Amino acid sequence: MFTAPLSFPADFDGWRVASRTALALGVPPEEMSFTVGEETPGLFAEPLPPAPAGAPQPTVPKAFPELAAKLVCHADTDRFVFAYRLLWRLQTEKQLLEIASDPDIIRAREMEKAVRRDSHKMKAFVRFREIEDPELGRHYVAWFEPFHHIVELTAPFFARRFAGMVWTILTPERSVHWNGSDLSYLPGATKDMRPKDDDMEALWLTYYASIFNPARLKVKAMQAEMPKKYWANMPETALIRPLIEGAEAASQRMIETAPTLPGLRHERQVERERMARRVPAEASEERTRPVDLETARNGAKHCKACPLWEPATQTVFGRGPADAPVMFIGEQPGDQEDLAGEPFIGPAGKVFDQALAAAGIDRTRAYVTNAVKHFKFVPRGKRRIHAKPNAGEVQACRWWLDVERELIRPKLVVALGATAAAAVLGRTVTIRDTRSKLIDLDEETKLLVTVHPSYILRLPDAAAQARESAAFNADMALVRRTVPELALAA
Ligand code: URA
């Protein structure tokens, strides 16, 4: 029997090195064991000797490392040996991962799903509370109790989303800290170390009460998705009982105060779309990350994560090549974009195009999208007047924006206006404080915040418009200097 030490409960790199060595030595899975941290190996287990010099590297299908990285996060105490068994079998059974009926594959897929689900819950249910730390200054702390060993797996998501904050997530087994540029892992914490209430609590309560839709209330489904275990960390759960109790009256109020109906032509169009998108609301709750832009675009067609899908004609997804070095993000589609299904083709799009042309940027090399993918409007006679999306709608649509960012991995993200900047940074910022600076989002991506082109259109006099157009053009010139490959062909 051989044993290999691993540093922490989801030490994938440690497992990979040890497994390669074990494989090179021909150690069968039944003869292999792993210890984590301070655990003591079994009485008869010998440390794994080094691999013989020149031993060949094992070959595995492309999908295996990703699967194994999830398996080692599972709470199953046998996870490392099980992942090694798959690696062992793959050396002779090359198609193993495709055999859906194989008991090991069934088990692997279930473990993978459980880990993904737990990670999804962590993303959804972590609530930061603000504290003033004598050393760290303003600092956000959250407490979370995962079922599986998912802290390392999920922490990069929080680093991307809350890049501009200093935060710590405490969990019983392992905690993680983000200092604004790096993640570090700390020992586990105890429940009494979790932060007490703060001002953010009031914000959450207002937000939750405003996105709560009494007409869609399904108590059982809600409790299944948000198990009571997490309630203690989530200020909004204090509102659940009163909101449920008031739901019937609130539904009635919604019916009575429903906005005036839009024109018949528009209504028919909406109905056609509605029929084409008959997907139950629950489908959006546990969503699989799309593997490419096309899948994402098709998936977004059916999105009902917020109420905006209903009156809008269609989802207006981003446009542009999957390897675009720059992603421009606007607020939400306007009237013309909603009808055509393409971003930035109306009046704001014209201002945008002019600025790109002045800077010598080729729009076809850029990816252009919006923070919110459905047109929000209030009907006025035959016209549909733009209405600003609220924080809940921006938040609901951030999933798609994150998907677009993950698939495209642009070098530069350009936020056109405050809504786009808030959607990228996960917090409200002012254009005045952030404009025209190259802000690090992560190691490979910078963010540039500028105004929304429609701000220029709304300015009352020609002098102000000329001044602001020049400033916007200067920002586009900075985009072009930062990403020279955007240049229009000569
Ligand atoms: N305004 C935006 O933010 N996006 C568009 O696509 C059109 C107008």
Side-chain angles (χ1 to χ4, degrees), residues 266 273 293 296-297 300-301 303 306 308-309 311-321 324 326-357 361 363-380 383-398 400-405 408 410 412-425 428-431 434-435 447-459 465 468-469 471-473 475-476 479:
H266 181 256
E273 278 296 308
L293 272 183
R297 176 171 291 114
K301 282 183 189 157
C303 183
C306 81
L308 295 185
W309 69 273
T313 307
Q314 58 190 313
T315 306
V316 180
F317 206 68
R319 281 287 158 135
V326 169
M327 178 185 279
F328 290 97
I329 307 173
E331 183 197 67
Q332 61 163 346
D335 183 76
Q336 294 190 29
E337 287 82 8
D338 169 78
L339 295 173
E342 277 197 42
F344 281 105
I345 53 144
K350 301 250 164 356
V351 176
F352 178 54
D353 283 343
Q354 276 160 13
L356 294 186
I361 292 176
R363 176 165 167 174
T364 65
R365 295 192 192 181
Y367 188 84
V368 180
T369 191
N370 283 298
V372 171
K373 311 270 189 275
H374 283 116
F375 178 36
K376 180 176 181 181
F377 60 92
V378 279
R380 187 142 323 138
R383 295 179 59 212
R384 302 185 299 166
I385 309 294
H386 165 278
K388 197 173 159 55
N390 64 33
E393 288 147 2
V394 174
Q395 177 64 20
C397 220
R398 252 180 110 184
W400 292 112
L401 192 62
D402 285 350
V403 163
E404 288 174 300
R405 275 185 57 198
I408 293 166
L412 179 66
V413 170
V414 183
L416 301 168
T419 302
V424 174
L425 290 170
T428 325
V429 289
T430 61
I431 299 287
T434 47
R435 183 171 187 176
L447 169 70
L448 176 74
V449 179
T450 183
V451 293
H452 192 283
S454 61
Y455 158 74
I456 300 171
L457 282 176
R458 284 197 306 267
L459 288 169
Q465 282 199 355
E468 285 303 319
S469 291
F472 187 55
N473 290 357
D475 283 338
M476 293 305 114
V479 171

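All values below come from the heavy atoms of this structure, side chains included, with hydrogens, waters and symmetry mates left out. In each ligand, atom 1 is the first atom listed, and ligand 1 is the first ligand listed. When a residue number appears, it is its place in the shown sequence, counting from 1. Please read these numbers as outputs of a predicted model, since none were measured by experiment.
- At under 3.5 Å, a nitrogen or oxygen of Glu331, whether backbone or side chain, sits near a nitrogen or oxygen of ligand 1.
- Of the listed residues (Lys376, Gln314, Arg384, Gln332), just one forms a side-chain hydrogen bond (donor to acceptor under 3.5 Å, both in side chains) with Asp338, and that residue is Arg384.
- Each of the atoms 1 (N), 2 (C), 3 (O), 4 (N), 5 (C), 7 (C), 8 (C) of ligand 1 lies under 4.0 Å from some heavy atom of Gln332.
- Taking 4.0 Å as the cut-off, His452 counts as a neighbour of ligand 1 on heavy-atom distance.
- Interface atoms of ligand 1 facing Gly334, defined by a heavy-atom separation under 4.0 Å, are 7 (C).
- Contact annotation: the side chain of Glu393 never approaches that of His374 to less than 4.5 Å [non-hydrogen atoms, C-beta and beyond].
- Protein heavy atom nearest atom 6 (O) of ligand 1, with residue, atom name and distance: Phe344 N, 2.8 Å.
- Those atoms of ligand 1 with a heavy atom of Pro343 less than 4.0 angstrom away are 6 (O).
- With hydrogens left out, the protein atom closest to atom 4 (N) of ligand 1 is Asn370 OD1, 2.7 Å, a heavy atom.
- At a 3.5 angstrom cut-off on N or O pairs, Gly330 does not count as close to ligand 1.
- A donor-acceptor pair under 3.5 Å is formed between the side chain of Arg297 and the backbone N or O of Gly318.
- Side-chain atoms of Tyr367 and Leu293, non-hydrogen and from C-beta on, do get closer than 4.5 Å to each other.
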request  = Just do the side chain to side chain contact (heavy atoms under 4.5 Å, CB included) check on Arg405 and Val424 with the steps written out, would you?
outcome  = CA-CA 10 Å; Arg405 275 185 57 198; Val424 174; 3.7 Å; yes
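- In this structure, Phe352 has its ring center closer than 6.0 angstrom to the ring center of Phe328.
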